[in-house]
Enquirer: 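Sharing a structure here in structure tokens format.
Starting from 1, each residue takes its place in the sequence as its number.
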Amino acid sequence: MNSQKSAAKKRALQKMELLGSTSIPKALLAMGIPTMIGMLVNAFYNLVDAYFVGGLGESQMGAISVVYPLGQVVVGLGLLFGNGAASYISRLLGRGDKENADKVASTALYSSVSVGAVIIIISMVFLHPILKLLGATDSILPYAATYAGIYIVSCIFNVFNVTMNNIVTSEGAAKTTMCALLTGAVLNIALDPLFIYVFDLGVAGAAIATAISQVVSTCVYLTYIFRKKSVFHFRVKDCTYTKETMSEIFKIGIPTLVFQILTSVSISLINNAAGDYGDSAIAGMGVVTRLISMGSLSVFGFIKGFQPIAGYSYGAKKFDRLREAIKTSILWSTVFCVIFGVILALFPTAIVSQFTKGDAEMIRIGAASLRANGISIMLFGFYTVYSSLFLALGKGREGFILGACRQGICFIPVILLLPIVWGLNGIMYAQPIADVLSAVITVFMAIPLHKKLNEMQKQTSAISKKDND
């Protein structure tokens with residue numbers, strides 16, 4: 001027993017060293033790359049879903065595009081508690097307050113699963129009206145209902161996984177997150193063709209494959225907990241709903257949830273607008289959404305590794321370390337976005353054509369939109385570093401505003417107005433325009449943040465100098 005406690009303590013010290021003193025490039029590689037790989041593969045299996053379902057027809061492809069935002073809202077509950085808790089946990093660990101960090105982790109996990117179950121039940125009761133609201137046409141609705149009936153129920157496991165993803169990353173165990181995401185994604189990729197075509201289950205097969213992969217990812221996290229590899233102990237009795245704990249979770253978690261809801265709303269608005277041009281338009285824009293998500297989720301994965309480093313450094317008042325982490329993260333994420341964007345912009349037709357049997361209209365619409373999105377996503381790394389940074393530092397209001405820009409404040413007015421004056425082109429170019437506007441807003445919000453950090457560093461240095469004297 002003593003040897004187990006000693007090993008657990010050693011692992012905890014190693015994780016804290018990674019967050020607090022390891023060189024920034026090495027820490028970002030250790031924290032960011034595993035989560036990036038996990039999210040990249042996770043996004044890739046969403047594409048694989050689209051690839052195999054696309055072989056069934058445009059209505060089936062449109063069905064999974066319609067259901068996608070509903071799943072994102074449910075998963076957003078995991079982000080509400082998981083991301084909100086992760087930011088607070090990192091700052092608590094930076095201050096050396098392990099006891100409260102433990103309570104916050106337990107509170108977040110059990111709360112997310114409980115609330116997630118309630119939302120899933122409500123979603124299933126009102127499934128058909130919700131799907132119509134999300135843009136399902138009469139030809140798409142039967143397939144969407146079949147897919148959602150299985151997929152949405154399985155999202156309870158995804159809520160657990162997303163919450164654990166954030167909590168585990170906050171304690172410096174990014175490799176466990178990668179393992180959970182990777183295992184589920186690889187399994188889903190293998191099961192998709194089996195259930196869709198070999199067992200001839202169609203869109204239901206795609207949903208079953210996804211559900212099984214989510215369960216397996218959950219098992220990876222449960223193994224991590226039960227083998228006591230986590231810094232935290234997830235116990236119901238440790239759940240605490242004090243004003244301070246919940247306000248710290250919600251001030252970061254609510255902006256994250258709103259961002260997730262806005263993402264779903266933006267996809268729904270695209271689906272509804274594209275519905276005027278037929279199932280091919282919905283399917284084409286759905287493919288673009290999933291392709292762009294592959295790049296954006298990869299960046300989010302990397303930034304998840306950056307967030308605990310930033311939060312820990314801020315909590316420990318290591319401002320030089322925080323500043324270096326910001327600069328390095330912007331550089332690395334931007335390089336990735338440029339490479340990814342160039343590939344999409346140069347080969348849009350060849351890429352989109354992989355997701356249809358040969359629907360020329362779907363390819364035309366998807367390729368034009370993908371080319372424009374490929375160019376604008378080059379700004380995404382810069383924008384995401386700062387939208388995540390505000391949340392990591394506990395600045396919920398600023399994080400809320402910036403996080404809501406790309407899919408809400410900038411996007412919604414554009415998608416509502418532009419198609420009226422520009423038709424289908426207004427739908428295809430709405431997101432790129434919102435991306436550019438969001439990047440400009442980011443610049444104006446980043447400048448005062450750095451001024452504030454400089455002032456705090458000067459104050460900390462003055463206090464430290466006074467204590468030494």
Side-chain angles (χ1 to χ4, degrees), residues 15-16 18-20 22 24 27-28 30-32 35-36 39 78-95 97 100-101 104-105 108 162-163 165-174 177 245 247-260 299-333 380-406 442 445-446 448-450 452-454 456-457:
K15 291 172 182 177
M16 296 308 100
L18 179 63
L19 293 174
T22 302
I24 288 298
L28 283 174
M31 291 288 293
T35 49
M36 181 179 181
M39 295 288 275
L79 288 171
L80 166 64
F81 291 99
N83 205 38
S87 172
Y88 189 31
I89 287 169
S90 295
R91 284 177 279 127
L92 287 171
L93 293 176
R95 298 171 198 157
D97 191 352
N100 274 323
V104 172
V162 170
T163 307
N165 179 327
N166 284 274
I167 293 173
V168 169
T169 302
S170 74
E171 63 173 290
T177 294
T245 297
S247 65
E248 287 291 341
I249 290 176
F250 285 152
K251 80 176 183 180
I252 304 304
I254 288 176
T256 306
L257 176 61
V258 170
F259 165 77
Q260 196 75 359
V299 175
F300 279 132
F302 175 72
I303 300 304
K304 276 186 178 295
F306 158 74
Q307 276 188 303
I309 296 171
Y312 188 100
S313 300
Y314 184 74
K317 301 186 184 302
K318 297 182 177 182
F319 296 104
D320 287 335
R321 182 175 177 78
L322 174 60
R323 194 173 290 107
E324 185 184 355
I326 296 170
K327 290 179 180 177
T328 306
S329 296
I330 290 174
L331 175 62
W332 289 3
S333 60
F380 186 73
F382 170 73
Y383 163 78
T384 306
V385 168
Y386 279 102
S387 63
S388 301
L389 176 64
F390 281 113
L391 297 180
L393 303 186
K395 300 182 181 297
R397 180 172 61 87
E398 294 87 343
F400 175 83
I401 293 171
L402 194 53
C405 277
R406 184 173 181 266
T442 301
M445 293 188 69
L449 172 65
H450 282 284
K452 180 66 175 178
L453 292 176
N454 287 336
M456 292 178 69
Q457 184 174 18

Enquirer: Pick from N166, N165, T177: which one makes a side-chain hydrogen bond (donor to acceptor under 3.5 Å, both in side chains) with K304?
Expert: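 Among N166, N165, T177, the one that satisfies the side-chain hydrogen bond (donor to acceptor under 3.5 Å, both in side chains) with K304 is N166.
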Enquirer: For the side chain of T256 and the backbone of L79, is there at least one donor-acceptor N/O pair under 3.5 Å apart?
Expert: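 Looks like no, no N/O pair under 3.5 Å.
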Enquirer: I'd like to check the salt bridge (charged side-chain N to carboxylate O under 4.0 Å, His left out) partners of R321; sequence neighbours left out, ordered by chain and number.
Expert: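 Counting only residues at least two positions away or on another chain, R321 forms no salt bridge (charged side-chain N to carboxylate O under 4.0 Å, His left out).
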Enquirer: Keeping Y383 on the side-chain end and L402 on the backbone end, is there a donor-acceptor pair under 3.5 Å?
Expert: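 Yes.
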Enquirer: Would you say the side-chain atoms of S387 pair up with the backbone N or O of T384, donor to acceptor, closer than 3.5 Å?
Expert: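 Checked: pair present.
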Enquirer: Would you call the rings of F300 and F259 parallel, tilted or perpendicular, taking 30° and 60° as the class edges?
Expert: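 Because their plane-to-plane angle is over 60°, the rings of F300 and F259 count as perpendicular.
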Enquirer: Rounded to the nearest 0.5 Å, what separation is found between the CZ atom of F319 and the CD atom of Q457?
Expert: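 Those atoms lie 7.0 Å apart.
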Enquirer: Return the minimal non-hydrogen interatomic distance between G399 and P255, and the atom names on each side.
Expert: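 Looking at all heavy atoms of both residues, the shortest contact is C-CB, 4.4 Å.
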Enquirer: Looking at every heavy atom in both S87 and A392, which two are closest together, and how far apart are they?
Expert: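 The pair with the smallest heavy-atom distance is OG-O, 3.4 Å.
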Enquirer: Rounded to the nearest 0.5 Å, what separates atom OH in Y314 from atom CG in L393?
Expert: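 CG of L393 is found 6.0 Å from OH of Y314.
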Enquirer: Taking atom OG of S313 and atom CZ of R91, what is their separation to the nearest 0.5 Å?
Expert: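 Reported to 0.5 Å precision, the distance equals 13.0 Å.
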Enquirer: For V385, is there any backbone N or O sitting under 3.5 Å from a side-chain donor or acceptor partner on S388?
Expert: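 Not at all, since once roles are kept as given, no pair shorter than 3.5 Å links the two residues.
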Enquirer: Is Q307 close to L391 at the side-chain level, that is, under 4.5 Å between some pair of heavy atoms?
Expert: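 Yes, side chains in contact.
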Enquirer: Among residues at least two apart in sequence or on other chains, which ones pass salt bridge (charged side-chain N to carboxylate O under 4.0 Å, His left out) with E398?
Expert: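 Checked E398 against salt bridge (charged side-chain N to carboxylate O under 4.0 Å, His left out); zero matches.
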Enquirer: Do Y88 and I252 touch side chain to side chain, with heavy atoms closer than 4.5 Å?
Expert: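 Side chain of Y88 against side chain of I252, heavy atoms only: no contact under 4.5 Å found.
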Enquirer: Closest approach of F382 and S333, non-hydrogen atoms and distance?
Expert: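 What the structure gives for the nearest pair is N-OG, 4.4 Å.
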Enquirer: With rounding to the nearest 0.5 angstrom, report the OG1 to CD1 distance, T169 to I303.
Expert: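 One finds 12.5 Å between OG1 of T169 and CD1 of I303.
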Enquirer: Which heavy atom of I254 sits nearest to which heavy atom of L80, and what is that distance?
Expert: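 It is N-CD1, 3.5 Å.
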Enquirer: Can you name the closest pair of heavy atoms from V104 and I89 and give their distance?
Expert: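 Closest approach of V104 to I89: CG1-CG1, 3.9 Å.
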Enquirer: Please evaluate residues L449 and M445 with respect to the criterion side chain to side chain contact (heavy atoms under 4.5 Å, CB included), reporting the C-alpha separation (whole Å), side-chain torsions for both, the decisive distance (0.1 Å), and the verdict.
Expert: CA-CA 7 Å; L449 172 65; M445 293 188 69; over 6 Å; no
Enquirer: What class does the angle between the rings of F390 and Y386 fall in, given that below 30° is parallel, 30 to 60° is tilted and above 60° is perpendicular?
Expert: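 F390 vs Y386 ring planes: tilted.
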Enquirer: Please round to the nearest 0.5 Å and tell me the distance separating atom OG1 of T442 and atom CG of L389.
Expert: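 Answer rounded to 0.5 Å: 11.5 Å.
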Enquirer: To the nearest 0.5 Å, how far apart are CG in L28 and CD1 in I309?
Expert: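 Going from the CG atom of L28 to the CD1 atom of I309 covers 4.5 Å.
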Enquirer: Does the side chain of H450 come within less than 4.5 Å of I326's, by heavy atoms?
Expert: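 In contact.
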Enquirer: Are the side chain of K251 and the backbone N or O of G394 linked by a donor-acceptor pair below 3.5 Å?
Expert: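 Checked: pair present.
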Enquirer: Any side-chain heavy-atom pair from M31 and L19 closer than 4.5 angstrom?
Expert: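 Yes, their side chains come closer than 4.5 Å.
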